[in-house]
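First up is the structure itself, then whatever we jot down about it.
Just follow the structure's listing: the first ligand is 1, and inside any ligand the first atom is 1. Since we're looking at a predicted model, the values are computed, not measured. FYI, the numbering just counts along the sequence from 1.
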Amino acid sequence: MSLPEKVRLVEVGPRDGLQNEAQPISVADKVRLVDDLTAAGLAYIEVGSFVSPKWVPQMAGSAEVFASIDQRPGVTYAALAPNLRGFEDAAAAGVKEVAVFAAASEAFSQRNINCSISQSLERFEPIIEAARAQGVRVRGYVSCVLGCPYEGPIRAEQVLPVARALHQMGCYEVSLGDTIGTGTAGDVRRLFEVVAAHVPRAQLAGHFHDTYGQALANVYASLLEGITTFDSSVAGLGGCPYAKGATGNVATEDVVYLLDGLGIETGIDLERLIEAGQRISTVLGRANGSRVARARQAR
Ligand code: HMG
Ligand code: MG
């Protein structure tokens, strides 16, 4: 399969990145991050989550963040919603796109959202119905598509029914998440081959955590499978609070560098993106997780 001309990047740093931080991060710092990402040309930014603050305390201020960010036309500002309560809070905050999240593993579903996979899918039905009535778009996630921190290896055949259910239910796109970053390029190709038999490739996305250093190779393997949407996190921020030891997503800067090199358009200004990543890394007091950003700074 030939490489695409354009790729769509879903920036998950403010959500997937920051949700895992133990230290408090002010609303102002979150707002600055989102505004910096908008200025760098990201067309899709996952800003926060409307989840229980007891489960993920760091996302508690999401409504305030939405109220303060500079929302530019043509940019999607999205949030996670695990249940109808979360959807209603998101809609009240003016959110126009939400994401529901399921898992390919039962154990992870229980730890992450306190219910079984089938219960989670039942919970999403009323969200999708309410979203449709209010003109809100719904994206779907499947976690643990290549491995689970509690159950070990996961087969593509376990992912397929969950991805297919989300798609059939009305998610316009389903993002397949390698939550613990153990997957390798061959696994990724097989996963997309199996899932794409029932969910069109144009409606699938790759979400790769870089725990084992495989994420960029997995993005490339996905491109070869005809996948053109990827989730990534500025400065490689993040992890998942319910996947111990999991590191951040593939760094957006590194994906943009790869795509630029392949002549694939993203609409993103790499230099401004590097500045955004450096600013939040400084706020968090940690090394920048993007190799490209580190290399540029060392020059
Ligand atoms: P539960 O405890 O079963 O829910 O949690 P409950 O309905 O029994 O409610 C318990 C309490 O939470 C109640 O408050 C509710 O009001 C409150 P209390 O009466 O005890 O004071 N509550 C809420 N508060 C605010 N917003 C809400 C909400 N819902 C209930 N929406 C629940 C179930 C789903 C709520 C919980 O498990 C939860 O919030 N989980 C979120 C976990 C999470 O955010 N994980 C990280 C995101 S997923 C991820 O990172 C993976 C991804 O990146 C892809 C990948 O990498 O694989 C997407
Ligand atoms: Mg994730």
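Remark: R139 is positioned above the aromatic ring of Y44, its terminal NZ or CZ atom under 6.0 angstrom from the ring centre and at most 45 degrees off the axis. Relative to the ring axis of Y141, R15 places its NZ or CZ within 45° and under 6.0 Å from the centre. At least one cation-pi condition fails for R8 and F230: the charged atom is not both under 6.0 angstrom from the six-membered ring centre and inside a 45 degree cone around its axis.
In this structure, the side chains of L259 and Y220 stay at 4.5 Å or more apart for every pair of heavy atoms.
The contact set between ligand 1 and G86, taken as ligand atoms under 4.0 Å from a residue heavy atom, comprises 31 (N). With ligand atoms numbered from 1 in the order given, ligand 1 contributes 43 (C), 44 (O), 47 (C), 48 (S) to contacts under 4.0 Å with heavy atoms of F101. Counting atoms of ligand 1 from 1 in the listed order, those under 4.0 Å from a heavy atom of N114 are 1 (P), 2 (O), 3 (O). Residue I113 approaches ligand 1 through these ligand atoms, each under 4.0 Å from one of its heavy atoms: 33 (C), 34 (C), 37 (O). Taking every non-hydrogen atom of L80 and a distance limit under 4.0 Å, the qualifying atoms of ligand 1 come out as 47 (C). Atoms of ligand 1 lying under 4.0 Å from any heavy atom of H209, numbered from 1 in the order shown and given with element: 56 (O). Close contacts between ligand 1 and S143 involve ligand atoms 51 (C), 54 (C), 55 (C), 57 (O) [criterion: under 4.0 Å to a heavy atom]. Applying the 4.0 Å criterion to heavy atoms of V56 picks out, from ligand 1, the atoms 42 (C), 43 (C), 44 (O).
Close N/O approach between Y141 and ligand 1 is not found [any backbone or side-chain N/O within under 3.5 Å]. Note: an N/O pair closer than 3.5 Å links D16 and ligand 1 by distance alone. For H207, a nitrogen or oxygen atom sits less than 3.5 Å from a nitrogen or oxygen atom of ligand 1, counting backbone and side chain alike.
Separating the OG1 atom in T179 from the CZ atom in F101 is a distance of 11.5 Å, to the nearest 0.5 Å.
Residues D231 and S175 bring a donor and an acceptor atom of their side chains to less than 3.5 Å of each other. Q119 and S116 are linked by a side-chain donor-acceptor pair at a separation below 3.5 angstrom, with hydrogens and angles left out of the test.
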Exercise for the section: Start with the C-alpha gap between D16 and S233, add the side-chain angles, then the distance that decides, and say whether side chain to side chain donor-acceptor pair (under 3.5 Å) holds. Expected result: CA-CA 8 Å; D16 205 344; S233 183; over 6 Å; no
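Ligand 1 lies within reach of R15, whose nearest heavy atom is under 4.0 Å from it. Within the structure, ligand 1 has P53 among the residues with a heavy atom less than 4.0 angstrom away.
Put simply, the angle at the Mg ion (ligand 2) from OD2 in D16 to NE2 in H209 is close to 100°, to the nearest 10°.
Taking both residues in full, the closest heavy atoms of P82 and F50 are given as CD-O, 3.1 Å, listed atom of the first, atom of the second, then distance.
Following chains of ILVMFWY side-chain contacts shorter than 4.5 Å, one cannot reach V188 starting from Y212, and the two form parts of different hydrophobic clusters.
Of the listed residues (N83, V51, L176), the one carrying the non-hydrogen atom nearest atom 29 (N) of ligand 1 is N83. Considering each of F108, W55, F208, the one bringing a non-hydrogen atom nearest atom 37 (O) of ligand 1 is W55. Taking each of L146, N112, V100 in turn, the one with a heavy atom nearest to atom 42 (C) of ligand 1 proves to be N112.
A distance-only check finds no donor-acceptor pair linking the side chain of E173 to the backbone of L204 [under 3.5 Å].
For a distance bound of 2.8 Å, the N, O or S atoms of D231 include none lying that close to the Mg ion (ligand 2).
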